[in-house]
2 protein chains.
Amino acid sequence: MSNSKLYKGSLNTIILKLLNEHDKMYGYEITQKVKALTKGELNITEGALYPALHKLEAEGLLDVEVAKVDNRLRKYYKLTETGTKETVSKLQELAEYIKTMQALVNPKLA
Amino acid sequence: MSNSKLYKGSLNTIILKLLNEHDKMYGYEITQKVKALTKGELNITEGALYPALHKLEAEGLLDVEVAKVDNRLRKYYKLTETGTKETVSKLQELAEYIKTMQALVNPKLA
DNA sequence: ATATATACATAATTTTCTTATGTATAAGAA
DNA sequence: TTCTTATACATAAGAAAATTATGTATATAT
């Protein structure tokens, strides 16, 4: 995923936020979008992404819709209502995390 | 450690940064300092902290010095030269991580 | 023809954490 | 004086989330 271990635990937040912005996306598209938005800094591996998508679906946060484009399979994911709520919560957690880490690392500014 | 999974991977960064500021600290002191600095938001568990300290020591980033205070054992840790360099690197990674996540989560501001 | 890109998937392993214990001393409350 | 809480270390079992290594298959570019 990256040279930094800090990304551990943030994959779900990333997926949910992207789906919140783009209505529906398929797995490969997510990897490319992340690469583009981060200018190559962050590369989601397939071994991490696909199990994560399956889990989010199993938890009822995502709906799937299979499509065939150019004779190739695509599985489009979109947020359920629960998924949308969870996205808000995950983004709050991220903001809180950043605030807390800044308090630890830069206590003068906290 | 916390309700949010985002802290996964940030324990080493926290330990190194605290030792960079306080010269020498012992394990229990680190847990209390983190609790205080984060106003109770973040509680480092012993099961995470002690193995992490042992690993950082084994990697040559920390030196240990055992002391007896009030008839109780304390193990003071301090940064080695390598550890100081690694601290700088970890803090850069954290800054980079925050920047990248903000680019993903708030692309308008990036 | 061959390599790269697209598009999915899973299995084995590793890393990092939680949860549950365990030992021991000191201090404060009932 | 007994019991709880705080101080101070430690490790082991298990869970969670990733990496790394494969595997299948089609499309496109060299």
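Lettering follows sequence order; numbering is per chain, from 1. These figures come from a predicted structure and were not determined experimentally.
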J.: Across all strands, who's sitting opposite D/dT24 as a Watson-Crick or G-U wobble pair, both distances under 3.5 Å?
T.: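 Partner of D/dT24: C/dA7.
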J.: Within this structure, what is the CD1-to-P distance between A/I30 and C/dA9, rounded to whole angstrom?
T.: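 From A/I30 CD1 to C/dA9 P: 11 Å.
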J.: Within the distance-only criterion (no hydrogens, no angle test), does the side chain of B/N43 pair as donor or acceptor with the backbone N or O of B/G40 below 3.5 angstrom?
T.: yes
J.: Strictly below 4.0 Å: does B/Y50 bring a side-chain N or O up to OP1 or OP2 of D/dA10?
T.: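 No.
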J.: Between B/E41 and B/T38 (side chain of the first, backbone of the second, donor and acceptor by atom type, cut-off under 3.5 Å), is there such a pair?
T.: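 No.
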J.: Take the protein atom OH of A/Y76 and the nucleotide atom P of C/dC8, then report the distance between them rounded to whole Å.
T.: 9 Å
J.: Please report the distance, rounded to the nearest Å, between OH in B/Y26 and C1' in D/dC9.
T.: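 So the two atoms are 12 Å apart, to the nearest Å.
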J.: Side-chain contact, heavy-atom cut-off 4.5 Å: B/L16 with B/L91?
T.: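 Side chain of B/L16 against side chain of B/L91, heavy atoms only: no contact under 4.5 Å found.
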J.: Sugar-phosphate means primed atoms, P, OP1 and OP2; the rest is base. With that split, encode nucleotides 14-30 of chain D 5' to 3' as B, S or - using protein heavy atoms under 4.0 Å.
T.: ---SSBB-----BS---
J.: How close or far is atom C1' of C/dC8 from atom NE2 of A/H54, stated in whole angstroms?
T.: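 Taking atom C1' of C/dC8 as the reference, NE2 of A/H54 is at 8 Å.
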J.: Closer than 3.5 angstrom, by distance alone: can the side chain of A/N71 be matched with the main-chain N or O of A/K68 as a donor-acceptor pair?
T.: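 The answer is no, because no donor-acceptor pair under 3.5 Å joins these two groups.
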J.: Without decimals, in angstroms, what is the distance between B/R74 CZ and D/dA10 P?
T.: 14 Å
J.: Grab the two heavy atoms, one from B/K17 and one from A/L104, that are nearest each other, plus how far apart they are.
T.: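 Minimum heavy-atom contact is CG-O, 4.0 Å.
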J.: Just by distance, no angles: are the side chains of B/T100 and A/Y7 close enough, under 3.5 Å, to form a donor-acceptor pair?
T.: yes
